[in-house]
**Q** 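First the structure, then my questions, so here it is.
Reminder, nothing fancy here: chain letters follow the sequence lines and each chain counts from 1.
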Amino acid sequence: MLDINYIRKNAERVKEFSEQKGYKVDVDSTLKTDAERREILGELETLQAERNKLAEETKRTKGRPSEANIARGKELKVRIGELEDELKNIEQRLSSLLKAIPNVPWSDVPVGSSEDENTVAEIVGEATKTGKNHYEIGTEKGWIDKERAAKVAGARFAYLKGDLVKLEMTIIQFVIDTLTSESKMTEIIASAGLTGKVNERPFVPVLPPLMIKTDMYDAMDRLEPREDRYKIEAEELWLQGSAEHVLGSMYAGEILEEKDLPLRMLGFATSFRQEAGTYGKDMEGIFRVHQFDKLEMESLTTPEDGFNEHLLLVAIQKYLIEQLKMPYRVLLKCTFDIGKPNARGVDMEVWLPGQGKYRETHTADYMTDYQARRLKTRVRRANGKVELVHTNDATAFALGRTMIAIVENYQTPDGHVTIPEVLRNYMGGVEQI
RNA sequence: GGAAAGAUGACCGAGUGGUUUAAGGUACCGGUCUUGAAAACCGGCGUGGGGCAACUCACCGUGAGUUCGAAUCUCACUCUUUCCGCCA
């Protein structure tokens, strides 16, 4: 949610970028409701003050209030009750109007009205190789069994087996080792030219709950569209769709100390998505399934550090992909594609020889204080002032798609898969599977 | 799943209807003292909303209710702790 003060002062700008992001908002009604709210609040507070005066008088006289005061109190009670109801009503309306307004795009976000207008910021490596797709290889190797998964769980599920499972565990261990190491962090920061601009503190690995309450999910602004979420029947609980949802909300309602920021978390979570609206799309293999494991970075920072932190997370993504030596490109997402709570968004697409295309494997999201405002995640600054934190999240590796990329990029002519060098030690020295 | 107890500021903790404008302590910040520090003493020190400001309103787990008046009474819910049962 945006700060109402910002909307008061920048009504026209809010209308403009909301449209650029593809959201229908009613700024005029929002401001009108805001004004109504303050009017009612003023009236209510005057009466509350009078009620407090009456109570104070009773305190002073240490007795029962006079008949006249009781009568006046009764009047106040009725009117205050009415105003409170009215205020609650208005605040509900205001809240839903405010929730509909998206975050302000960062200054360098390209304006665009479809995902085709995302800007290619960088292309790394030779995207020339073609070959079998991961499902062909995975089926031959006995690594992926979708038929039995369909029998047990339905479409868009898979059993992963054998060396592919070992590979996943290996990638997880590699990422945890890398991002929990201060010297690796220093190295990544230096090579990205961010030395002195970001803290070098490593990530804390986290295994989060995989379910999240309705109100927390909504405060994160990631609940919609609900059709893409899995609801636990008869409970106000949902299966999380990304560790961002449960990591970003972890410190909700808390006031953190400035010295504890940046607060960097590396979450591992099985993530669940209904894939509503993707009927018939990407049906082959495990590219688009209802359940996949993911390593996700989440970081809470001070406002002034938020943007550099975003750049750091992007740099980490690039570093991790480059460690696996796979061709990829970086997209700066346009206003239409960044998402409602985002100020800026970057996607990474790794080249998949089996599809002959770049496909999305990573996203980095910078939300400024938009999520923190509703989560009430704040920081007490060194000077004692309390401010909202800035939130950042970014994929470290979506394991399913990462394995697709490895299998397709590292396939050998005789049908095997070479293990990327950095992972071999974790695989017990195995060079090929 | 059964039973009991509990939830008050960064932390500990007092408070069972009207001097609670939330006691007291710890921590923290500023000052006095000191060569410096500690100790001692003095002062400050919650969050959110409205207002240019003085100031004012709300908030004692959450929500509803009783009352002229609720941290305090009633109801529901959430969470925590302990015991029993079950379980990885």
**Q** Which one is paired to B:A23, where only Watson-Crick or G-U wobble pairs with both distances under 3.5 angstrom count?
**A**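 The base-pairing partner of B:A23, which may sit in any strand shown, does not exist here.
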
**Q** For the pair made of CZ in A:Arg381 and C1' in B:U47, what is the distance, rounded to whole Å?
**A**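 It is 18 Å, rounded to the nearest whole Å.
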
**Q** Looking at the side chain of A:Arg37, which of B:C68, B:G49, B:G18 is the nearest nucleotide?
**A**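 Within the option list, the nearest is B:G49.
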
**Q** Mark yes or no: A:Lys231 above the aromatic ring of A:Trp238, with NZ or CZ under 6.0 Å from the six-membered ring centre and no more than 45 degrees from the axis.
**A**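 That pair qualifies as a cation-pi contact.
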
**Q** Measure from NZ or CZ of A:Lys376 to the centre of the six-membered ring of A:Tyr251 and say whether it is under 6.0 Å with the direction within 45° of the ring axis.
**A**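 No, A:Lys376 does not sit over the ring of A:Tyr251.
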
**Q** Under 4.0 Å, heavy atoms only, any strand: does A:Lys53 hit a base, just the sugar-phosphate, or nothing?
**A**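 The answer is nothing, as A:Lys53 stays clear of every strand by at least 4.0 Å.
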
**Q** When you match A:Asn52 and A:Ile70 each to their closest nucleotide on RNA chain B, which lands nearer the 5' end?
**A**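 Its nucleotide being nearer the 5' end, the pick is A:Asn52.
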
**Q** Pick the P atom in B:A70 and in B:C77, then give their distance to the nearest Å.
**A**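 One P to the other, the span is 24 Å.
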
**Q** Is the phosphate of B:G46, meaning OP1 or OP2, less than 4.0 Å from a side-chain N or O of A:Arg380?
**A**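 The answer is no; no side-chain N or O of A:Arg380 sits under 4.0 Å from OP1 or OP2.
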
**Q** Taking 4.0 angstrom as the limit, do A:Arg381 and A:Glu304 come out as a salt bridge?
**A**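 Salt bridge present between A:Arg381 and A:Glu304.
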
**Q** What is the distance, rounded to the nearest whole Å, between atom CD of A:Glu91 and atom P of B:C59?
**A**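 My rounded result for the distance is 13 Å.
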
**Q** Any base atoms under 4.0 Å from A:Arg72, or only sugar-phosphate, or nothing? Heavy atoms, all strands.
**A**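 Here A:Arg72 touches no strand at all.
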
**Q** Rounding to a whole Å, what distance do you find between A:Asn69:CG and B:U67:P?
**A**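 So the CG-P distance, A:Asn69 to B:U67, works out to 18 Å.
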
**Q** If you measure from the P atom in B:G13 to the same atom in B:U26, how many Å do you get, rounded?
**A**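 Between the two P atoms, the distance is 15 Å.
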
**Q** Counting only Watson-Crick pairs (N1-N3 plus N6-O4 or O6-N4) and G-U wobbles (N1-O2, O6-N3), all under 3.5 Å, who is the partner of B:C28?
**A**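 Paired with B:G44.
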
**Q** Taking NZ, NE, NH1 and NH2 as the nitrogens, is one of them in A:Lys99 or A:Asp221 under 4.0 Å from a carboxylate oxygen of the other?
**A**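 Judged by the 4.0 Å cut-off on N to carboxylate O distance, A:Lys99 and A:Asp221 do not form a salt bridge.
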
**Q** Within the structure shown, what part of the strands sits under 4.0 Å from A:Arg79 by heavy-atom distance: base, sugar-phosphate, or nothing?
**A**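 The answer is nothing, as A:Arg79 stays clear of every strand by at least 4.0 Å.
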
**Q** For nucleotides B:A38 and B:G30, find the distance between their P atoms and express it as a whole number of Å.
**A**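 Going atom to atom, P in each nucleotide, I get 11 Å.
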
**Q** When both hydrogen-bonding distances must be under 3.5 Å and the geometry is Watson-Crick or G-U wobble, what is B:A88 paired with, if anything?
**A**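 Its partner: none found.
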
**Q** Go through B:G50, B:C57, B:C68 for me and flag the one nearest to the A:Gln48 side chain.
**A**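 The listed nucleotide nearest to A:Gln48's side chain is B:C57.
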
**Q** From CG of A:Leu41 over to P of B:C57, roughly how many Å is that when rounded to an integer?
**A**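 It is 12 Å, rounded to the nearest whole Å.
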
**Q** Is the phosphate of B:U67, meaning OP1 or OP2, less than 4.0 Å from a side-chain N or O of A:Lys77?
**A**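 Checking B:U67 against A:Lys77, a side-chain N or O does come within under 4.0 Å of OP1 or OP2.
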
**Q** Output yes when at least one side-chain N/O atom of A:Lys88 is less than 4.0 Å from OP1 or OP2 of B:A64, else no.
**A**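 Checking B:A64 against A:Lys88, a side-chain N or O does come within under 4.0 Å of OP1 or OP2.
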
**Q** Give the rounded distance in Å between these two atoms: CG of A:Leu54 and P of B:U67.
**A**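 These atoms are roughly 17 Å apart.
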
**Q** How far does the P atom of B:G6 sit from the matching atom of B:C73, given to the nearest Å?
**A**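 Taking atom P in both B:G6 and B:C73, they lie 11 Å apart.
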
**Q** Distance check, C1' atoms only: B:U56 and B:G51, in whole angstrom units.
**A**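 Going atom to atom, C1' in each nucleotide, I get 8 Å.
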
**Q** Sticking with atom C1', work out how far B:A54 lies from B:C60, rounded to a whole angstrom.
**A**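 Looking at atom C1' only, B:A54 and B:C60 are 29 Å apart.
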
**Q** With a 3.5 angstrom cut-off on both distances, give the Watson-Crick or G-U wobble partner of B:C79, or none if there isn't one.
**A**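 B:C79 is paired with B:G6.
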
**Q** Hey, what do you get for CD (A:Glu168) to CD1 (A:Ile172), rounding to the nearest 0.5 Å?
**A**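 If I round to the nearest 0.5 Å, the distance is 4.5 Å.
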
**Q** Quick one: is the NZ or CZ of A:Arg401 closer than 6.0 Å to the six-membered ring centre of A:Phe287, and within 45° of its axis?
**A**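 Relative to the ring axis of A:Phe287, which defines the angle, A:Arg401 lies inside both limits.
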
**Q** Could you tell me the separation between the CD1 atom of A:Ile90 and the P atom of B:G50, rounded to a whole number of Å?
**A**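 So the two atoms are 14 Å apart, to the nearest Å.
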
**Q** Mind calculating the distance between CG (A:Asp215) and P (B:U62) to the nearest angstrom?
**A**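 After rounding, the gap between these two atoms is 13 Å.
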
**Q** Please state the P separation for the pair B:G65 and B:A7 - nearest whole angstrom.
**A**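 About 24 Å, rounded to a whole number of Å.
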
**Q** Atom CG of A:Leu83 to atom C1' of B:U56: distance rounded to whole Å?
**A**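 These atoms are roughly 16 Å apart.
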
**Q** Between A:Arg378 and A:Arg38, which is nearer to the 5' end of RNA chain B once each is assigned its nearest nucleotide?
**A**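 The 5'-side residue here is A:Arg378.
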
**Q** Give me the distance, rounded to whole Å, that separates B:U21 from B:G31 when you measure between the P atoms they each carry.
**A**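 Each nucleotide's P atom is 33 Å from the other's.
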
**Q** Look through every strand shown and name the nucleotide pairing with B:G18 as Watson-Crick or G-U wobble, where both distances are under 3.5 Å.
**A**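 B:C68 - that is the nucleotide pairing with B:G18, both distances being under 3.5 Å.
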
**Q** Determine, for A:Arg222 against A:Glu244, whether the closest basic-nitrogen to carboxylate-oxygen distance falls under 4.0 angstrom.
**A**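 Salt bridge: yes.
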
